[in-house]
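Side-chain atoms are counted along with the backbone in the values below, which use heavy atoms only and exclude waters and symmetry mates. Throughout, residue positions are numbered sequentially from 1 according to the sequence presented. Atoms within a ligand are numbered from 1 in the order they appear, just like the ligands themselves.
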Amino acid sequence: MRRSRAILTVLTSGALAAGALTVLSPSAEAATTLGAAAAEKGRYFGTAVSLNRLSDSTYSTILNREFNMLTAENEMKIDALEPQQNQFNFTTADRLITRANEIGAQVRGHTLAWHSQQPGWMQSLSGTALRNAMKNHITQVMTHYKGKIHSWDVVNEAFDDSNGGRRDSNLQRTGNDWIEDAFKTARAADPAAKLCYNDYNTDNWSWAKTQGVYNMVKDFKARGVPIDCVGLQSHFNSGSPYPANYRTTLENFAALGVDVQITELDIEGSGATQATTYGNVVRDCLAVARCNGITVWGIRDTDSWRASGTPLLFDGNGNPKAAYTAVLSALGGGTSSPSPSNPGSVSPSVSVSPSQGTGACAATVSVNAWTGGFVATVTVKAGSAALGGWTTGVTLPTGAAVTSTWSATASGSTGAVSFTNVGYNGAVAAGASTSFGFQGTGNPPSGTLTCTAR
Ligand code: 9MR
């Protein structure tokens with residue numbers, strides 16, 4: 001107690017006299033993260049998360065900064081959540097929900113019914129016992145996460161790789177209606193979650209597997225089986241390259257009346273070739289109104305299930321690759337130019353207000369605005385003393401509201417709103433900075449932003 005009081009004294013009498021506030025003209029700065037840039041396009045940008053890597057600060061920093069949709073790479077699979085029949089273990093997976101809440105991200109659930117990664121007890125079941133176990137798993141897991149999942153991969157990888165028919169599995173052997181049974185069970189458990197069918201090698205419109213999945217979704221829609229989305233995993237490599245007709249595939253699925261999500265994107269390769277393909281995938285998604293989000297299957301190349309193919313957006317040191325720049329640019333983001341898609345829609349100027357700070361920190365905000373909304377990125381800089389925690393405050397214009405916040409906790413959504421550090425970014429060394437962001441509707445903030453050390 002004594003020690004913390006001493007620290008507090010130093011902080012509140014900190015040497016930094018005034019904190020700078022700079023609100024940049026929105027036309028001078030596009031969104032600088034994948035999530036913010038995608039949000040401006042009405043989409044999300046996500047990543048698979050390996051929960052045991054959250055303690056890696058490079059990994060966590062990129063995760064918190066760049067992504068607004070999270071998928072557990074393995075921790076929400078059947079073997080992880082129901083290791084013994086009807087005994088559920090949500091502890092690890094729940095940490096993903098916590099992190100998502102802390103950074104203002106949403107969560108894709110992956111996956112409820114799959115031939116792979118079944119626990120031993122399920123592998124040994126068949127017939128009605130297996131069908132009932134599948135339905136119980138769906139009900140229990142979706143009830144636990146009710147209201148917390150944006151989209152669920154209800155059924156994963158149920159089609160054969162080459163002939164366009166179903167893959168043989170213990171689930172398939174319970175009867176051809178197991179997939180629709182899974183979707184009906186899912187709808188009853190959490191009516192708010194989008195229900196997806198997810199598969200790989202369904203990117204090339206001319207492949208039999210793509211046609212097989214397409215025909216199933218078409219049949220489901222015709223018969224009223226509840227399905228909201230199709231997930232294209234999109235693992236691209238020399239054996240399954242990005243196809244020239246990818247956009248056609250997205251369009252055709254969307255035309256059935258479902259959303260299309262790119263759920264596990266990775267592209268083996270390097271340099272400009274890889275970057276161009278990543279850009280093409282993003283442009284294809286943006287061209288299809290119902291392609292509502294992209295998830296990459298990991299953060300750094302070294303985090304990938306196919307690490308030797310260097311298929312991701314960050315290198316092993318956490319540095320953004322050319323592929324990252326290509327994706328950000330295709331999303332309309334960047335660091336020096338306005339979003340090319342809405343050059344006329346930004347407000348003409350946002351005033352630069354005089355510096356104001358209280359205590360040992362300063363907050364600087366840059367705003368990227370468009371008609372009806374904005375993304376604000378705030379940098380919190382410690383003065384000559386280290387920070388143990390911080391709170392920044394801003395008054396929003398009338399009619400504006402904060403709709404999501406990442407890497408901070410907001411006190412409210414309208415009027416005078418304060419943002420307090422979350423667990424991992426309260427401590428800031430003397431002279432160092434951290435950042436957080438928020439997205440809002442209405443006009444962006446143009447007044448002063450205060451910073452108080454805690
Ligand atoms: O990336 C996942 C890897 O860590 C696991 O070992 C593997 C086990 O099945 O699953 C990987 O993720 C898969 C995803 O769940 C479904 N589509 C294919 C992905 C890559 O294999």
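- A donor and an acceptor atom, one from each side chain of Asp94 and His144, are located under 3.5 Å apart.
- Sorted by chain then number, the residues whose non-hydrogen atoms approach ligand 1 to under 4.0 Å are Glu73, Asn74, Lys77, His110, Trp114, Gln117, Asn156, Glu157, Gln233, His235, Glu264, Trp297, Trp305.
- Note on ring orientation: taking the six-membered ring where Trp is involved, the planes of His110 and Trp114 are tilted (angle from 30° to 60°).
- Within the structure, the disulfide bond (SG atoms under 2.5 Å apart) test picks out the following pairs touching residues 172-233 (sequence neighbours left out): Cys196-Cys229.
- Geometrically, Lys209 does not engage Tyr214 in a cation-pi contact, judged by NZ or CZ lying under 6.0 Å from the ring centre and within 45° of the ring axis.
- The side-chain contact (heavy atoms from CB on, under 4.5 Å) test with Leu313 is passed by exactly one of Asp301, Leu328, Val327: Val327.
- Under the 4.5 Å side-chain criterion, counting only non-hydrogen atoms from C-beta, Ser60 is not in contact with Thr58.
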